[in-house]
Amino acid sequence: MVSIDFIPLDYDSFDFEERNYVKIIGRTPSGKRVCLIDEYGSYFWAILKSGISEKKIKELQEKIGKITIKDGPRNSNVIKTHLENKKFLGKEVKAIKIIISNYKDTQRFSEKLKLQEIDKIRELDVNYITRYIIEKQLIPSYWYKLEGEEISNSSEFGGISNNLDCDIVIKAEKITKIENEKQFIPKVLAFDLETDDFEIGKGKILMISLVSEGFKKVLTCKKIPSMPDYVEHYNDEADMLEAFIKYFKKISPDILTGYFSDSFDLPYLKSRCEKLKIKLNIGIDNSIPKFSGGVNPKGRISGITHIDLYQFIETAYSQYLQSETLGLGDVANELLGEKKVVHEFKRSEKMKEEEWRNFFAYNLQDAVLTYKLFMKAWSDMVEFSKLMQEPLFNISRDGMSANVEHYIIHNLYKYNEIAERKPLHDEISQRRSREKYEGAFVLQPIPKLYENIVMFDFTSYWPSIISTFNLSRSTFLGEKQAKDSKSKNALEVDTGKKKYFFLKEKGFFPQMLEEVIKLRKQYKSEYKLHPSPILKARSNAFKLIANASYGYQGFFGARYYCPEASASATAISRKFIKEVIEKAGKSGFKAIYSDTDSICLEMSKKTNSQALEFLKKINSELPGIMELELEDFYKRGIWVTTRKGEFGAKKKYALINHEGKMKIRGFETVRRDWCNLARELQNQVLEKILKEGNEKSALELTKQLIKLIKERKIERKQIIIRTQLKKPLSEYKAITPHVTIARKMLAEGMPVNQGMLIEYYIAESDNKKALKRERAFLPDETKPYDIDYYLKNQVLPAVENIFQVFNINVNDLIEKQTKNQKSLSEF
DNA sequence: GCTTTCGCTGTACC
DNA sequence: ACTGGTACAGCGAAAGC
């Protein structure tokens with residue numbers, strides 16, 4: 001018997017003599033690599049119809065107990081059955097727990113269970129590892145004391161330990177959670193490839209960068225006269241790949257990370273190794289990386305957690321990032337404040353020595369930035385895996401709906417609930433075609449420059465509504481029937497279209513949410529008292545889960561899909577925000593604007609403390625855990641009309657607080673599909689107006705810029721328009737400028753991928769009626785820009801509505817200037 | 001042949 | 001396909017006259 005402390009990192013399973021075993025890789029506090037092996041038989045539930053006699057149930061259990069699978073790839077049997085009183089969607093049920101010898105036969109067993117007494121079979125689709133984590137409570141990223149028999153270098157399980165790059169292999173007997181808040185720092189290896197063709201299977205690998213603690217190298221098969229000292233040269237690609245494998249094994253990391261490495265670097269590496277007949281045996285059992293998932297491949301390396309950092313950044317950070325793309329360069333710049341080395345891609349045979357030198361630096365830096373970003377994201381990943389209770393491999397790739405669902409599944413046992421199944425194929429298409437339900441309320445603003453504004457918003461609006469009003473799949477009682485009067489124990493929600501009933505007795509989902517909100521509040525205040533990246537990450541993970549839970553209930557792929565709950569939540573949201581608007585009016589504040597959970601009020605002659613008193617009054621009248629809070633006081637704010645100029649535009653405003661900090665929403669300034677010229681001018685115009693309270697100097701600035709545009713003094717980079725290619729080029733029905741440019745790029749042999757930002761500018765044309773797409777050119781083309789287009793379609797639209805607030809028509813300004821200029825040049 | 005309408009597309013807000 | 005609905009705006013082609 002041995003006993004060690006360890007932290008589980010990578011979860012896997014294997015079969016031995018037709019039984020399932022869990023294989024978990026972790027580390028001890030002193031850095032030894034541990035492999036835990038545990039026998040574990042999976043199970044599922046047969047939920048019985050009500051009113052079946054005990055005798056019948058006994059007979060049924062016996063019958064089930066004898067089921068065997070012999071026609072499959074292995075012999076499987078039922079190990080044990082167990083009758084239990086459980087809950088399913090909140091209702092009491094009797095269910096038989098069926099423990100089987102091999103989870104891979106789950107489906108085969110269920111097919112033999114189409115029996116009269118059985119109402120439903122459930123939890124066939126709960127992942128084996130997930131189930132193990134729930135049952136043994138061996139949650140990733142926490143510390144445990146592991147007791148068991150050491151089987152390192154033994155013949156157990158066919159000598160599995162002999163081929164394993166581990167310090168100790170233990171057959172688990174007892175696992176106990178220990179209190180250890182010590183943050184585990186993993187050994188991380190970041191890598192990046194440069195190739196001579198972007199398409200996997202076509203090109204060759206030119207260089208590989210590797211970055212780990214105290215380790216920075218570029219491996220290459222290209223030789224230039226004087227190599228930088230971090231570059232190691234190999235005779236050919238095969239030697240270089242062998243060297244990669246050698247270094248990988250020497251470093252023996254816990255985590256391999258890359259940026260887009262699931263879809264590019266790792267499959268590329270695998271493909272080249274296959275072609276060159278090199279065994280990419282980087283798994284701790286000497287296995288090669290395996291890919292699953294088809295369209296969105298996921299690369300798995302046995303015993304080593306491969307993390308494609310891009311995927312985690314996309315789900316966990318993208319909503320907070322200002323970056324206009326989620327590329328490594330933009331993200332590293334924003335999160336680390338480090339700029340990427342600029343490198344112009346050329347065909348490798350055309351590159352000169354200096355360019356190769358730069359290419360090496362570029363390659364190294366990609367791995368350096370990936371490494372640093374990973375370290376920065378580590379706390380968040382750990383907190384995610386602790387909250388969702390799923391391994392890091394999954395956490396780093398899952399979207400928010402999967403996160404919400406994992407949170408639910410891992411906590412169901414507290415409510416004695418059996419999990420609902422995932423929707424089947426037909427169900428999904430049915431759900432996807434459902435009508436949209438009405439969403440949140442947005443108040444139409446009156447265009448104006450306002451002074452002295454206060455903004456309030458509801459804290460965690462959606463989750464607080466769902467929790468307070470108990471809106472969920474298991475508490476939904478159905479639509480109101482005309483004759484229905486049995487609503488004593490139910491809450492009625494009038495969505496305007498339909499009336500829905502929900503049970504008053506708290507359901508598990510609203511209860512879980514309430515817990516999440518409570519803990520989020522607790523960690524947030526703890527963080528404010530003792531700021532640390534861990535507490536910040538923890539508070540943030542809870543916040544994200546809470547916010548995604550509303551969308552989850554309306555999502556077609558959800559186990560606990562309930563669009564009626566979503567529709568009810570929005571109906572309730574509309575009711576409360578409108579009430580606040582009305583009460584504000586009665587208390588002498590005037591609502592300028594409101595969107596979903598926020599409200600901007602004109603203070604008029606009211607003081608700040610009067611505004612806070614009003615807030616207090618509102619809160620005293622709010623039910624449950626609903627709460628309105630102060631967002632900020634603002635010195636000025638501006639709302640404008642829509643382009644047509646008929647009414648005030650929603651989702652578009654700019655504010656400045658008393659410290660001079662601006663908050664700009666919806667304006668072209670914050671839209672990446674407008675050129676920088678227009679965006680920067682608009683930003684400056686807004687700043688001047690908000691700071692000075694009038695339009696005078698902003699107008700001057702605009703006039704100056706118009707002059708510069710006409711004199712062709714604008715730099716090319718200022719007039720570039722960027723639009724994302726959101727789908728494969730072939731799927732476009734409309735031929736827009738960016739599609740035209742993308743086709744042109746493709747024809748010129750440039751890489752064009754779904755998701756990339758297409759850049760172009762608009763050039764002059766003799767044909768005045770030419771379409772925009774006919775005047776669109778690549779950034780490096782030489783045609784002079786179209787003055788008229790940039791004035792009338794970029795700069796003017798960006799500031800026109802702002803000056804309109806002051807009754808100034810900027811269009812006249814351009815026309816006048818144009819006339820003057822023409823008359824000058826004509827004479 | 002010109003103007004208006006409408007579907008497609010992308011982006012942002014919450 | 002991988003959380004929800006609301007809103008704005010530009011482009012290009014179809015529809016309307």
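Quick note on labels: first sequence line is chain A, next is B, and so on, each numbered from 1. Scope of the values below: all heavy atoms of this structure, side chains included, with no hydrogens, waters or symmetry mates.
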Reckon [X] touches a base, only the sugar-phosphate, or nothing at all at heavy-atom distances under 4.0 Å?
X	value
A:Y653	sugar-phosphate
A:K422	nothing
A:Y437	sugar-phosphate
A:R434	sugar-phosphate
A:T723	sugar-phosphate
A:G551	base
A:E438	sugar-phosphate
A:V670	sugar-phosphate

Residue among A:K543, A:R538, A:R520 satisfying salt bridge (Lys or Arg N to Asp or Glu O under 4.0 Å) with A:E383: A:R538
Is the shortest side-chain N/O distance from [X] to OP1 or OP2 of [N] below 4.0 Å?
X	N	answer
A:S401	C:dT3	yes
A:Q724	B:dT11	yes
A:H738	B:dG10	yes
A:Y593	C:dA7	no
A:Y732	B:dG10	yes

Figure out the [atom1]/[atom2] separation between [X] and [N], and round it to whole Å.
X	N	atom1	atom2	value
A:Y320	B:dA12	OH	P	18 Å
A:D597	C:dG4	CG	P	18 Å
A:K543	B:dC14	NZ	P	13 Å
A:N403	C:dT3	CG	P	9 Å
A:Y461	C:dG5	OH	P	18 Å
A:W462	C:dG4	CH2	C1'	8 Å
A:I599	B:dC13	CD1	C1'	17 Å
A:L725	B:dC8	CG	P	18 Å

Let's see if you can work this out: which of [options] has an atom nearest to the side-chain heavy atoms of [X]?
X	options	answer
A:N296	C:dG5, C:dC2, C:dT3	C:dC2
A:F555	C:dC2, B:dA12, B:dT9	C:dC2
A:L757	B:dT11, C:dG4, B:dC14	B:dT11

Protein-to-nucleotide contact annotation, 5' to 3' order, nucleotides 8-17 of chain C [B base; S sugar-phosphate only; - none; under 4.0 Å, heavy atom]: SSSSSS----
Ring centres under 6.0 angstrom apart (A:Y310, A:F260): yes
Distance between P atoms of B:dT9 and C:dC2 (Å, rounded): 16 Å
Hey, are [Y] and [X] close enough side-chain-wise for a donor-acceptor pair under 3.5 Å?
X	Y	result
A:Y561	A:R434	yes
A:T130	A:E390	yes
A:Y317	A:D380	yes

Parallel, tilted or perpendicular: rings of A:F458 and A:Y461 (30°, 60°): parallel
Mutual orientation of the aromatic rings belonging to A:F502 and A:F476 [parallel < 30°, tilted 30-60°, perpendicular > 60°]: tilted
Euclidean distance, A:D457 CG relative to A:I599 CD1, rounded to 0.5 Å: 11.0 Å
DNA chain C: 5'-proximal contact among A:G557 and A:E435 (nearest heavy atom): A:G557
Backbone N/O of A:P737 and side chain of A:R773: donor-acceptor pair under 3.5 Å: no
